[in-house]
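Below is one structure, written out as structure tokens, with a few remarks after it.
All values below were derived from every heavy atom in this structure, side-chain atoms included, with hydrogens, water molecules and symmetry-related copies excluded. As the structure is a computational prediction, the values presented were derived from the model and not from experiment.
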There are 2 protein chains.
Amino acid sequence: MSSDPERSESSFVEYGIEDRPGTATSVVLGLQHYLTMVGANVAVPLILAAAMGMPTDVTARFVGTFFVVSGVATLAQTTIGNRYPIVQGAPFSMLAPALAIVATVTAMPGEPAWQTQLRTLQGAIIGAAIAEVAIGYFGIVGKLRQFLSPVVIAPTITLIGLALFDVGQVTAADTNWWLLGLTLLLIVGFSQYLDSRHRVFQLFPVLLGIVAAWLVAAGLSVVGVYEASATGYVDLGAVAGAQPLMPIYPLQWGMPRFGLAFAIGMFAGVLASILESFGDYHAIARLVGNGMPSERRINHGIGMEGLMNVFSGLMGTGGATSYSENIGAIGLTGVASRYVVQIGAVVMLVVGYVGYFGQLVATIPDPIVGGLFVAMFAQIVAVGLSNLKYVDLDSSRNVFVLGFALFVGLAIPEYIGSVGDVATFRQGLAGVPVAGSVLSQRLIADTVYVIGSTGMAVGGLAALVLDNTIPGTREERGLAEWDRIAEPESAFQPFWKGLFGENAEEESVRND
Amino acid sequence: MSSDPERSESSFVEYGIEDRPGTATSVVLGLQHYLTMVGANVAVPLILAAAMGMPTDVTARFVGTFFVVSGVATLAQTTIGNRYPIVQGAPFSMLAPALAIVATVTAMPGEPAWQTQLRTLQGAIIGAAIAEVAIGYFGIVGKLRQFLSPVVIAPTITLIGLALFDVGQVTAADTNWWLLGLTLLLIVGFSQYLDSRHRVFQLFPVLLGIVAAWLVAAGLSVVGVYEASATGYVDLGAVAGAQPLMPIYPLQWGMPRFGLAFAIGMFAGVLASILESFGDYHAIARLVGNGMPSERRINHGIGMEGLMNVFSGLMGTGGATSYSENIGAIGLTGVASRYVVQIGAVVMLVVGYVGYFGQLVATIPDPIVGGLFVAMFAQIVAVGLSNLKYVDLDSSRNVFVLGFALFVGLAIPEYIGSVGDVATFRQGLAGVPVAGSVLSQRLIADTVYVIGSTGMAVGGLAALVLDNTIPGTREERGLAEWDRIAEPESAFQPFWKGLFGENAEEESVRND
């Protein structure tokens with residue numbers, strides 16, 4: 001079944017990165033990947049649209065644009081980026097500065113406020129993304145790698161999932177928990193209990209779970225048990241009324257507006273997304289058992305995320321970086337095939353442009369998305385914790401660093417949330433004795449706010465500092481073991497080497 | 001240094017349960033144990049007093065009563081209970097039903113409302129505690145043990161610490177984070193960096209950290225930098241005005257009032273506290289490397305907690321069960337001596353009765369308690385995660401169960417919190433189709449509410465069900481390894497066996 005030649009460590013997957021399931025299976029698997037990213041990739045534009053007061057018909061096109069950008073970015077990342085099977089989409093980490101920008105911009109003459117706000121957002125993303133491109137291709141993130149042991153990576157990945165515990169689709173007071181529970185029960189039932197009974201349960205637990213729960217909800221909506229105001233309501237009428245084809249193209253909303261302060265605020269969000277992507281790459285490597293990603297692969301991944309963020313700014317969305325949800329999906333299904341993810345990307349493009357599909361997907365009610373989220377985020381936590389196999393858990397310094405990182409990764413974002421929005425936070429810093437005037441500088445205050453609101457960034461940085469300063473041997477920290485299993489720098493070659501035939505020998509060794 | 005004869009596994013401690021450091025050292029260590037439990041044991045009575053509208057002078061005696069009960073309960077548990085070095089105090093899990101009771105009771109003729117409310121609370125605790133005594137001594141909890149693998153225990157203990165991430169002393173918007181950070185920096189600095197430099201840092205990191213931060217805060221308060229309204233303010237004037245000796249005795253506020261519905265609501269809190277204590281026992285066993293606690297030891301521990309809850313009801317406090325904070329302290333200091341904990345218990349008794357001491361302790365400002373909490377709770381998470389050393393982390397069913405338990409352990413309490421208080425929750429359940437009339441029964445609704453609000457109970461139960469139903473071998477779940485290192489039933493003998501000379505042979509083997 002599995003033919004991934006790079007696999008050296010024990011893996012969680014049945015189909016490795018280079019494997020290709022049969023065409024029909026791949027298409028259904030690709031569709032499933034698409035469905036696992038839908039919740040977040042619809043939530044971000046809807047939150048932004050609401051904040052900007054965007055009209056309904058523009059919102060439909062706005063959501064479509066997010067899917068088109070995701071599709072293009074995923075294809076780019078999987079072919080000429082780091083080549084890991086990671087879906088790209090608009091991250092929550094860039095949402096906080098985006099909302100801050102939207103809140104401060106007023107309408108320019110001759111256009112509605114939402115348009116000015118969106119164009120300003122586009123400029124900010126492009127500005128911040130150019131810095132990201134430099135960070136990636138100048139190799140700055142890859143250099144960090146030598147300071148990262150499994151003691152740092154484990155809580156970082158764990159927090160990517162854990163910090164989402166309060167996501168609205170799961171914890172809203174008015175959620176339909178019958179429907180949420182049903183979806184979750186189906187996904188967990190298929191993937192954990194029935195997976196050995198039939199292959200279809202093993203490969204498509206998410207797809208089957210969502211479709212079955214959706215059919216129940218649609219049925220209850222048609223017969224009138226769920227009214228239009230209920231959270232479980234499926235609005236089939238909206239599909240018929242959808243626009244057939246969306247006109248989506250670069251600069252569709254006019255020229256981006258550039259402003260340094262906005263770009264700086266957005267850069268904090270980009271920084272958090274870089275840390276998350278860094279964790280995602282390691283999660284994928286751990287799942288497929290390939291050994292930790294090489295410096296070169298990390299640099300090309302982040303560089304490509306920067307380029308795709310520039311593209312996202314030109315199109316007018318909220319960014320495009322690695323999506324942790326799909327790593328959860330790979331863990332649940334055991335399918336890490338790059339080919340499958342690329343098919344999922346094509347689905348995103350189609351859904352983005354064809355209004356009917358987009359509207360059909362938008363009928364999936366929040367409680368079903370919530371049930372999906374629980375399974376996905378739990379799986380991310382699982383991948384994070386699995387890194388502890390390399391760590392000496394009898395070492396008190398190791399477990400202290402792990403516990404500290406997880407605790408502050410939840411506590412500090414909670415504290416920052418209780419202080420209020422970014423403006424209140426900046427004002428609070430201004431009142432600090434002695435250092436107040438420095439700390440309240442927009443660059444510093446906004447960066448601290450956004451990073452501090454991102455659990456995995458807080459926990460990851462805490463673990464990074466503690467693990468590299470509290471005395472400990474490379475053996476107990478798991479670094480010795482990681483060095484042994486890390487992929488060689490030659491395992492990843494930039495795409496242009498393949499194009500121009502350089503390093504042909506290394507290539508053939510790799511693909512042997 | 002270490003002479004604990006039962007130690008078979010690798011341990012985190014330098015002084016085992018049976019070890020006794022020198023007298024002077026033990027007294028200072030006991031004081032430190034007392035300080036680690038102060039925050040929670042002052043917070044619970046203050047929250048209750050505020051809810052009851054208790055007058056200030058009564059509140060001082062009320063707080064003193066909590067310390068007296070803690071001291072007695074700790075002495076009882078460590079000598080004739082399970083004999084583990086675990087401090088006993090009023091748990092947060094019993095606070096939720098207590099607040100629900102307070103909210104529904106009005107004044108009886110001839111006494112203020114707070115007195116009626118407190119007497120009703122006392123009756124509820126006694127009623128629920130009698131059930132706990134039965135659960136303990138009839139061996140019901142010990143029977144659970146066979147279903148518990150490290151896959152269940154690890155997330156359960158982890159969540160004891162992790163679920164406290166939003167405790168007010170850490171995340172309040174108006175906290176003094178300079179002072180909180182200083183306290184934390186000192187404790188972490190002493191325990192992780194300077195511990196190898198000098199023994200005093202290794203043994204007393206918490207005491208040194210709190211005292212140093214308190215001196216700074218007191219200094220800043222005296223010179224007027226901190227005003228009386230500041231969260232960092234140390235009110236030295238209050239110490240001089242304290243009552244020298246508190247009159248604290250059973251039934252001091254009159255006869256308890258009994259009511260079945262109240263006792264049932266409180267039983268949900270007791271059930272959550274039992275689950276937490278169960279986790280605490282395993283955490284202690286893991287720390288000292290003694291092997292998992294025997295069924296008999298668990299039963300006697302829970303039974304004694306029931307008896308001490310009855311005592312707490314007679315005295316008029318919020319209960320007395322195992323305190324997780326002190327397990328954090330044992331991890332940080334490496335001192336698991338039962339003798340030291342017993343000295344701490346004597347300190348609690350003295351502080352409870354002597355008003356000056358109690359008032360001095362009450363001057364420790366919230367931000368310092370917050371810094372202490374971060375270090376303690378991080379250490380509990382650490383102990384929880386360290387149990388993963390027994391688990392096969394390459395098994396996808398294991399890591400899924402772990403990730404799922406941690407995620408729902410945070411998400412479900414968050415959901416229940418967003419629904420509202422217990423009355424709103426009960427009302428919501430009444431509206432459920434078909435099952436509504438059953439679910440909204442007080443017994444069911446209140447139990448679901450209290451258990452569902454307790455992260456470690458939710459996560460522990462989720463892990464328990466999944467781990468025992470998803471196919472997996474005893475080997476991969478870590479059960480085989482645990483069976484090998486579990487303490488034999490003979491390792492724990494009820495205290496009366498010692499009194500009457502039964503099993504003298506086994507006793508001598510154990511103490512060999």
Side-chain angles (χ1 to χ4, degrees), chain A residues 10 12 158 161-162 164-167 170-173 175 177-178 188 191-193 196 225 331-332 334 374-375 377-389 392-394 396-397 399-408 410-412 414-415 417-420 432-433 466 469-471, chain B residues 10 12 158 161-162 164-167 170-173 175 177-178 188 191-193 196 331-332 334 374-375 377-389 392-394 396-408 410-412 414-415 417-420 432-433 466 469-471:
Chain A
S10 57
F12 290 94
T158 300
L162 213 51
L164 292 165
F165 74 92
D166 60 353
V167 67
V170 176
T171 62
T175 193
W177 51 265
W178 281 105
V188 173
S191 68
Q192 304 294 325
Y193 295 89
S196 52
V225 174
L332 276 182
V374 174
F377 300 155
Q379 189 64 47
I380 297 168
V381 174
V383 176
L385 293 177
S386 76
N387 281 285
L388 294 180
K389 81 170 242 193
D392 177 0
L393 290 172
D394 281 327
S396 67
R397 54 94 64 199
V399 294
F400 180 77
V401 173
L402 295 168
F404 190 89
L406 286 181
F407 189 82
V408 298
L410 294 175
I412 291 182
E414 176 76 13
Y415 164 68
S418 80
V419 169
V432 171
L466 292 177
T469 53
I470 298 177
Chain B
S10 57
F12 290 95
T158 300
L162 213 52
L164 292 164
F165 75 92
D166 60 353
V167 67
V170 176
T171 61
T175 193
W177 52 264
W178 280 106
V188 173
S191 67
Q192 304 293 325
Y193 295 89
S196 52
L332 276 181
V374 174
F377 300 156
Q379 189 64 46
I380 296 168
V381 175
V383 176
L385 293 178
S386 74
N387 280 287
L388 295 179
K389 79 169 242 192
D392 177 0
L393 291 171
D394 281 327
S396 67
R397 55 94 62 199
N398 281 352
V399 295
F400 179 77
V401 173
L402 294 168
F404 190 90
L406 287 181
F407 189 82
V408 298
L410 295 174
I412 291 182
E414 177 77 12
Y415 163 68
S418 80
V419 169
V432 171
L466 292 177
T469 53
I470 299 177

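Distance check: B:Lys389 NZ to A:Leu388 CG gives 14.0 Å after rounding to the nearest 0.5 Å. Atoms CD and OG, from A:Gln379 and B:Ser396 in turn, are 7.5 Å apart once rounded to the nearest 0.5 Å.
Of all the listed residues (A:Gly334, A:Gly384, A:Ser386), the one sharing the greatest number of non-hydrogen pairs under 4.5 Å with chain B is A:Ser386. Of the listed residues (A:Leu393, A:Ile380, A:Val170), the one with the most heavy-atom contacts under 4.5 Å to chain B is A:Leu393. Interface check for chain B: of the options A:Ser196, A:Ala382, A:Gly417, the most heavy-atom pairs under 4.5 Å are formed by A:Ala382. When the candidates B:Leu332, B:Val374, B:Asp166, B:Val419 are compared by the number of heavy-atom contacts under 4.5 Å with chain A, B:Val374 comes out ahead.
The aromatic ring centres of A:Tyr415 and B:Phe165 sit 6.0 Å or more apart.
Among all heavy-atom pairs drawn from A:Phe407 and B:Gly161, the shortest one is CE1-O, 3.4 Å. Smallest separation of non-hydrogen atoms from B:Phe404 and A:Val188: CE1-CG2, 4.2 Å. Closest approach of B:Ala172 to A:Ser418, counting heavy atoms only: C-OG, 4.0 Å. Residues B:Ala375 and A:Phe400 approach most closely at O-CE1, 4.3 Å, considering heavy atoms. Summarising the geometry of A:Phe12 relative to B:Asp394, their closest heavy-atom pair is CE2-O, 3.5 Å, with the distance given to 0.1 Å.
By the side-chain hydrogen bond (donor to acceptor under 3.5 Å, both in side chains) test, B:Thr158 pairs with no residue at all, sequence neighbours left out.
Side-chain contact between A:Gln192 and B:Leu466 is absent, with no heavy-atom pair separated by less than 4.5 Å. The shortest distance between side-chain heavy atoms of A:Leu406 and B:Leu385 falls below 4.5 Å. Side-chain contact check for A:Val399 versus B:Val383: every heavy-atom pair is 4.5 Å or farther apart. Inter-residue side-chain proximity for B:Thr171 and A:Ile412 is flagged as unmet; no heavy-atom pair is nearer than 4.5 Å. Looking at A:Leu410 and B:Leu410, their side chains come closer than 4.5 Å, going by heavy atoms from C-beta outward.
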- Item | Trace of the side chain to side chain contact (heavy atoms under 4.5 Å, CB included) decision for A:Trp177 with B:Val432 | CA-CA 10 Å; A:Trp177 51 265; B:Val432 171; 3.9 Å; yes
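Heavy-atom distances place both the backbone and the side chain of A:Thr469 under 4.5 Å from chain B.
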